[in-house]
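Down below is the structure, laid out as structure tokens.
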Amino acid sequence: MKTAEHETEFSAPSDLLTSNVRSYCRGMLPLTAKLEPWITELCQSTTLPALVQEHGSPLNVLNTEPFQRNVTALYEVAQAQGIDYDVYFARKANKCLAFVEAAKELGCGVDTASIQELQQVLASQIPGEKIICTAAVKSEALLRLCLESGVTIAVDHLDELMQTVILAEQVNRRADIAVRLSGFQHQGRKLPSRFGFDIDEILPLLQDLQHDSPHSLQYLNLIGVHFHLDGYCQAQRLSAIQRLLPLIDELRSREFPVRFLDIGGGFPMRYLESETEWDTFWQTHRRALLGEEDSLTYRNHGLGLTPVEGTLIGKPNCYPYYQSLVQADWFEEILTSESEAGTIADSLRKRQIQLRCEPGRSVLDGCGFTAARVEYRKQQPSGDWLIGLSMNRTQCRTSSDDFLVDPFLIPATEDSLLPRTPAGISGYLVGAYCTESELLSLRKLQFPHGVGIGDLIVFPNTAGYFMHFLESRSHQFPLARNVIYDNITDQAELDLVSH
Ligand SMILES: *Cc1c(COP(=O)(O)O)cnc(C)c1O
């Protein structure tokens with residue numbers, strides 16, 4: 001599988017399949033992807049072109065082994081700290097059912113964000129107590145399904161709470177609920193959120209309920225307190241935990257059977273190998289926006305920054321693709337942070353409270369990539385090239401302005417009708433939606449060996465959000481297929497998720 005012998009005029013250089021997968025495409029200022037062995041190996045084999053040929057472009061290729069490793073590492077940290085702990089994988093970060101199956105095998109829980117996600121997880125025979133529903137908007141049908149299946153409802157506001165009570169009374173069951181809380185004080189200011197009950201209002205609210213309609217509380221088991229904060233700031237999470245520990249004591253003293261503290265997701269991860277590259281990229285980009293350097297982005301796109309009278313305003317609208325403390329190490333630092341007379345772990349153990357979390361993106365680190373076929377190359381009057389792919393930008397996209405990780409280029413092993421471009425060209429990847437802004441890379445890329453039709457571009461590490469969160473079917477394009485690749489057998493199977 002791992003060799004090829006093509007020596008015709010327009011085919012790729014013969015060292016193709018043995019050379020570094022990263023050597024055919026580099027950012028103008030490189031942002032070198034962290035590599036996962038199964039991804040590098042697959043990108044160097046003839047299996048990948050065959051898969052794209054079979055399933056179409058773009059193709060999402062996934063592997064659940066890194067997921068198991070990432071989740072297990074979290075349990076190991078918790079175990080070393082002697083705390084009761086459970087992971088609820090936030091499956092909205094990737095729709096493939098393979099991860100639901102992997103979660104089931106690991107025995108971890110799943111966080112669901114819609115009735116469809118919940119129905120699929122229930123159909124996978126994951127028990128209700130291993131499922132939490134944190135959907136931002138919960139229909140009556142969703143609340144009913146949670147109740148009937150014993151799924152914990154993360155209650156966001158009073159309407160949801162009262163609706164849950166009414167439905168619970170109708171089916172004559174108690175609802176397991178966690179209250180979602182927000183508005184924590186952090187460094188002298190209140191963290192704003194559209195989600196959750198305000199931390200300062202929850203006790204008075206529950207007190208009023210106990211006083212005015214004790215009957216309604218008969219239908220609620222308040223078994224958890226929950227937060228999920230925007231961003232990845234560890235200190236903000238510590239502020240929230242510190243605030244919730246005494247709240248848990250207070251709730252328990254009022255006979256609420258609180259069993260767990262759920263700190264949500266937002267565990268940071270790292271896409272890049274080098275902090276220096278990341279810092280250099282941003283320093284140079286800033287100078288370029290001020291006209292002091294050649295531009296690194298399409299039409300000098302700011303990536304969140306805007307030059308105004310010689311300075312830059314705004315902040316980078318991009319995921320922090322390089323972060324030094326990530327995943328299990330970051331989590332360990334939370335548990336060993338100071339709290340009361342000891343550490344957070346001590347405070348949790350003392351209360352015999354279970355800690356839960358809902359990581360999505362970070363446990364999908366290393367679990368997938370997106371491959372798309374080059375269909376054309378054209379040079380702009382500026383000299384930059386546009387490389388057209390059979391793919392649109394919703395197929396590798398989050399709220400980040402750009403995917404700040406260098407893609408790989410895999411030269412076609414089949415001969416093409418047209419010659420490769422000259423070596424050493426640079427430019428941008430563009431997609432199939434008919435708008436001027438349809439770029440797949442705002443960052444300028446260099447192609448030391450040129451680009452040929454039929455080459456593949458691989459966006460590495462896209463399993464967390466990038467491949468699914470915003471994908472759309474405009475122009476009637478079908479959604480990308482998702483194959484689960486087994487690197488031991490070198491076989492790939494379509495994931496069972498239908499859309
Ligand atoms: C999206 C979400 C998560 C997962 O967040 P990540 O950043 O992917 O870890 C967890 N919990 C809730 C409530 C969410 O909305």
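Numbering of ligands and ligand atoms starts at 1, following listing order.
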Next item on the list: Taking the six-membered ring for Trp and the full ring for Phe, Tyr or His, determine whether the centres of Phe227 and Phe184 are under 6.0 Å apart.
Entry: yes
Notebook entry, point to check: Which ring pair (Phe, Tyr, Trp, His ring centres under 6.0 Å) pairs, counting each pair once, include a residue from residues 71-103, with sequence neighbours left out?
Noted result: Phe67-Phe89, Phe67-Phe99, Tyr75-Tyr85, Tyr85-Phe331
Note to self: Tell me whether Arg180 is salt-bridged to Glu160, with the criterion being a basic N under 4.0 Å from an acidic carboxylate O.
What the structure shows: no
Margin query: Please confirm whether the ring centroid of Tyr319 lies under 6.0 Å from the ring centroid of Tyr271.
Written below: yes
Check: With hydrogens left out, which residues have an atom under 4.0 Å from ligand 1, given that only heavy atoms count?
Finding: Ala90, Lys92, Asp111, Thr134, Arg180, His228, Gly265, Gly266, Glu358, Pro359, Gly360, Arg361, Tyr465
Check: Which word best sums up how the rings of Phe267 and Trp330 line up, parallel for under 30°, tilted for 30 to 60°, or perpendicular for over 60°?
Finding: tilted
Check: Is a donor on one side and an acceptor on the other found under 3.5 Å between the side chain of Ser57 and the backbone of Ser390?
Finding: yes
